[in-house]
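Positions are given from 1, in the same order as the sequence printed here. Keep in mind it's a predicted model, so treat the numbers as computed, not measured.
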Amino acid sequence: MDNFFSSVPLFEYLKTKNIYAVGTIRPDRLGLSKLIDDKKMKRGDLDYQISDQGISFFKWKDNRSVHFLSNYHGNDTCKVQRRLKDGTKIDVTAPIVVKDYNGQMGGIDKADMLRAIYDRDRKSKKWWHRLFFCCARNGICKFIYCICGSAS
C-alpha cells in the first residue's frame, strides 16, 4: 500500500475484516510511536513496535530510513542483497516485511519509485506545462519499465 493512503486506523479496520496488508507509511502520521533516531542507526538496523491490536510498525535503515506498517508480520528478519557504489553486493539484515513488500510491489509503487529516481520537475507559470512534462515523464518511465521487464 502506498504511504499516502496508509494509516493505523485503516490497517486496524482491514485486520478486523481479515484482510492482511503491508505498506510503507510516513513517519509523521498520527497514531505512530517514536522509534530510534536516524542518526543513531546504521545500514541494516531495525527498530519496531507492535500494538495491542497486532499492528506492526517497522523502521529499517537501508540507504535511508524506510517505515513500514503491517497487520500480519512479526519481528522476523531475513537477508537481502544490496549493491554498494562500487558495484559489489553485500548481505544486509532486513525485516521479512521488506522482502514481502518488494515482492508484491505493484505498478503504481514501481512508477513512484522510478519517478523519484529520475525526477526533473520543471517550474512554469503555465499550468499545462507542468501537466505535459509530468505525463511525458510518466510515459518514459512506463516505457523503460516495459522494456526492462520484457527483457528478464
**Study point:** Residue of the set Val98, Ile25, Asp100 for which side-chain contact (heavy atoms from CB on, under 4.5 Å) holds with Phe68
**Key:** Val98

Check your understanding: Which heavy-atom pair separates Cys78 from Pro95 by the least distance, and what is that distance?
Key -> SG-O, 4.1 Å

Exercise for review: Enter the distance from Gln49:CD to Asn75:CG here, rounded to the nearest 0.5 Å.
Suggested key: 12.5 Å

Practice item. Would you indicate whether the side-chain heavy atoms of Thr24 and Tyr101 approach each other to under 4.5 Å? Key: yes

Check your understanding: With a 4.5 Å limit on heavy-atom distance, are the side chains of Arg82 and Arg43 in contact?
Key -> yes

Check your understanding: For atom CG of Asp86, is the number of surrounding heavy atoms from other residues, nucleotides or ligands below 6.0 Å larger than 12?
Key -> yes

Point to revise | Neighbour count above 12 (heavy atom, 6.0 Å) for Lys99 NZ | key: no

Review point. CG of Leu30: more than 12 outside heavy atoms within 6.0 angstrom?
Key: no

Exercise for review: Indicate if Ile96 and Val92 have the same hydrophobic cluster label, given that clusters are the connected sets of ILVMFWY residues with side-chain heavy-atom separations under 4.5 angstrom.
Suggested key: no

Check your understanding: So which pairs with a foot in residues 71-92 pass ring-ring contact (aromatic ring centres under 6.0 Å, His included), sequence neighbours left out?
Key -> Tyr20-Tyr72

Revision key, fill the gap. The reported gap from CZ in Phe58 to NE2 in His67 (rounded to nearest 0.5 angstrom) is 12.5 Å

In a table with atom names and distances, give each donor-acceptor pair under 3.5 Å that connects a side chain of residues 34-41 to protein atoms at least two apart or in another chain.
from	atom 1	to	atom 2	distance (Å)
Asp38	OD1	Lys59	NZ	2.7
Asp38	OD1	Ser65	OG	2.7

Exercise for review: Under the side chain to side chain contact (heavy atoms under 4.5 Å, CB included) rule, what do Glu12 and Lys15 come out as? Steps first, then yes or no, please.
Suggested key: CA-CA 5 Å; Glu12 289 172 352; Lys15 187 162 185 160; 5.8 Å; no

Review point. Can you list the steps and then say if Val8 with Tyr13 is a side chain to side chain contact (heavy atoms under 4.5 Å, CB included)?
Key: CA-CA 9 Å; Val8 176; Tyr13 176 76; over 6 Å; no

Point to revise | Which atom of Phe11 lies closest to which atom of Gly23, heavy atoms considered | key: CZ-N, 4.0 Å

Revision key, fill the gap. Correct closest heavy-atom pair for Ala21 and Asn71 would be N-OD1, 2.7 Å

Exercise for review: Drop me the distance from Leu69's CG to Ser56's OG, to the nearest 0.5 angstrom.
Suggested key: 8.0 Å

Exercise for review: Determine, stepwise, if the pair Thr93 / Lys79 fulfils side chain to side chain contact (heavy atoms under 4.5 Å, CB included).
Suggested key: CA-CA 5 Å; Thr93 304; Lys79 297 281 186 182; 3.1 Å; yes

